[in-house]
Amino acid sequence: MSENELKSEYLKEIIGRTEKINASEPEFIQAFKEVLISLEPVILANEKEFKTQAFLERLSEPERIITFRVPWLDDSGQVQVNRGYRVQFNGAIGPYKGGLRFHPTVNQSIMKFLAFEQIFKNALTGLPIGGGKGGSDFDPKGKSDMEIMKFCQSFMTELQKHIGQDVDIPAGDIGVGSREIGYLFGQYRKIKNSYEAGVLTGKGIEYGGSLARTEATGYGLLYFMREMLKTNDIQIEGKTVIISGAGNVAIYACEKAQMMGAKVVAMSDSSGCIYDKDGIKLNVIKEIKEVKRERIKEYLLSVPTAEYFENTNNMPSVYKIKADIVLPCATQNDISLETAKLIVKNGSVAIGEGANMPCTNEAIEYFQANNVLLAPGKAANAGGVATSALEMSQNSMRYFWSFEEVENKLENIMVNIFKQCRRACDEYNLGKNYVAGANIAAFKKVSAAMLAQGII
Ligand code: NDP
């Protein structure tokens, strides 16, 4: 459904209001509209009550936004300054939970869209966690290990005032992996003089991390995809797959897709993509990205039969390659309407959003109008945060589970998330619109928790 088709006066009013008071935040407005428009059947059923309660006004406003200065010393002795953020959007279901992103594009709009998405994603996991997100416009590319450590220490020196294992629990996201989490945790522990293992997730196994957390988002995406395809009588085995990105989510999505018998033929980074018609050799990608931290083009040095295509201005090159299944696992707004048209023309049957908001709202509408199945990010990539919550459980118990135990729990959670989306689709006659299904299922939980807690 598009904005013009809305019947609810309250929804129209609230979308207009949000656009007006957040005019400089396009990503937040995009994420907000995508959710709100799909909630119309639930809002219409109780419009007067929601309006009297100013419920959507409250939902649209973060409980708190913290911004701060992050000064650090580079290797040449020059002081550098970046901006840090933590958006504590909604704590109705549990302590704020969401990753930290270090990337030069980070700004308040991107932080707010990610934190907003996180509220609903976390609700879908069924675990007691609220929605938050944070990060900095710091660019880790080309920085030495020492510079990364100094930045992380300075960032945590301020952030530690606002987080805690029962308050707000950050984790990784773009540009924040196990190395950064290690430095952040070390600084937190030093300042607090207390071993609060549950204050950060994505930790190393040696100091309170959970087995299978590294794999969780990518693996979870494939579990969701398998369930969605199965419901539509499609087998994942034997299908060709393209994946945008070659970071944490992309690598483990590739690994699970291969384990399920699919053939991944392309992966990418922000420079371009590699195409290997014989199937991606994941050990080569892991070496390039997890160990050497180099460009994906290096793949050709190990696999000379593969091809490399540079990104063009209008479209990431990976989407020009034909495949049955498309897994955007890089960043937001990777798939524009134009890219969506090409994907449909290429005959793809399903899209699985490993990244947060990788499709524009126009692209989503186009996929749905052309019967391409779409697994929405806030449901399909929830395996990462779900396993982070399992990491917190293990930290609280001062115990750990085996890889198999964690992965089994992850699989059950992902199957259950898909069931919630499907149930909402059935209840509201939404067909295969799992985007709306996920939004509605999550909204019902969040709204029940918020309303039960009074005017907060
Ligand atoms: P990483 O930093 O590990 O990897 C990001 C990948 O995307 C890199 O290959 C990067 O290439 C590529 N990329 C391409 N274009 C861009 C761009 N414009 N901005 C940033 N990256 C770009 O991040 P993750 O794999 O952790 O995250 C990927 C996506 O998944 C994000 O949308 C994130 O929010 C989402 N997500 C992550 C979760 C997790 O557990 N990590 C959980 C749920 C969602 P290059 O190296 O050239 O920059």
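Residue indices begin at 1 and follow the sequence shown.
The line from CD of Q108 to CD1 of I65 is 4.0 Å long, rounded to the nearest 0.5 Å. With rounding to the nearest 0.5 angstrom, the CD1 atom of I119 is 8.0 Å from the CE atom of M450. The CG atom of L430 sits 5.0 Å away from the CD1 atom of I440 when rounded to the nearest 0.5 Å.
Residue pairs meeting the ring-ring contact (aromatic ring centres under 6.0 Å, His included) criterion with at least one member in residues 367-393: none, sequence neighbours excluded. Annotation: ring-ring contact (aromatic ring centres under 6.0 Å, His included) contacts involving residues 431-456, sequence neighbours excluded, comprise F50-F443, F55-F443, F418-Y434.
Here S8 pairs with Y10, L11, E40, I43, L44, E47 under the side chain to side chain contact (heavy atoms under 4.5 Å, CB included) rule; sequence neighbours left out. Among residues two or more places apart in sequence or in another chain, the ring pair (Phe, Tyr, Trp, His ring centres under 6.0 Å) test is passed with F116 by F28, F32, F89, F120. For Y195, the side chain to side chain contact (heavy atoms under 4.5 Å, CB included) test picks out F185, R189, A197, Y207, with sequence neighbours left out. By the salt bridge (Lys or Arg N to Asp or Glu O under 4.0 Å) test, E391 is found to be paired with K203, residues two or more places apart in sequence or in another chain being considered. Under the rule for a side chain to side chain contact (heavy atoms under 4.5 Å, CB included), the partners of N356 that lie at least two apart in sequence or sit in another chain are F113, L114, K121, K133, D173, N381. Every residue was checked against the salt bridge (Lys or Arg N to Asp or Glu O under 4.0 Å) condition with E63, not counting sequence neighbours, and none meets it. Remark: E427 pairs with K444 by the side chain to side chain contact (heavy atoms under 4.5 Å, CB included) rule, at least two apart or across chains. Under the rule for a salt bridge (Lys or Arg N to Asp or Glu O under 4.0 Å), the partners of E25 that lie at least two apart in sequence or sit in another chain are K112. In this structure K33 satisfies the salt bridge (Lys or Arg N to Asp or Glu O under 4.0 Å) test together with E3, E19, sequence neighbours excluded.
T125 places a side-chain N or O within 3.5 Å of a backbone atom of N122 that can act as its donor or acceptor partner. Of the possible donor and acceptor atoms, one in the side chain of K143 sits under 3.5 Å from a partner among the backbone N and O of D139. Looking at N311, its side chain does come within 3.5 Å of a backbone N or O of S317 through a donor-acceptor pair. Judged purely by atom type and a 3.5 angstrom limit, E147 uses its side chain to pair as donor or acceptor with the backbone of S144.
Within 6.0 Å of atom NZ in K7, 12 or fewer heavy atoms from other residues, nucleotides or ligands are found, so the atom counts as exposed in its surroundings. In I455, the CD1 atom is not crowded: 12 or fewer heavy atoms of neighbouring residues, nucleotides or ligands sit closer than 6.0 Å.
Using a 4.0 Å cut-off between a side-chain N of Lys or Arg and a carboxylate O of Asp or Glu, E61 and R58 do not qualify as a salt bridge.
Note on ring orientation: taking the six-membered ring where Trp is involved, the planes of F155 and F68 are tilted (angle from 30° to 60°).
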Check: Given the rule in the salt bridge (charged side-chain N to carboxylate O under 4.0 Å, His left out) test, do K419 and E227 qualify, once you have shown the distances and angles that lead to the verdict?
Finding: CA-CA 9 Å; K419 277 189 190 148; E227 293 304 299; over 6 Å; no
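For the pair I169/M392, a side-chain contact is recorded, criterion being any heavy-atom separation below 4.5 Å from C-beta on. Within the 4.5 Å cutoff, side-chain heavy atoms of L373 are placed close to those of I234.
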Under 3.5 Å, sequence neighbours excluded: what are the donor-acceptor pairs made by side chains of residues 410-417?
from : atom 1 : to   : atom 2 : distance (Å)
E411 : OE2    : R226 : NH1    : 3.2
E411 : OE2    : R226 : NH2    : 3.0
N412 : ND2    : N408 : O      : 3.4

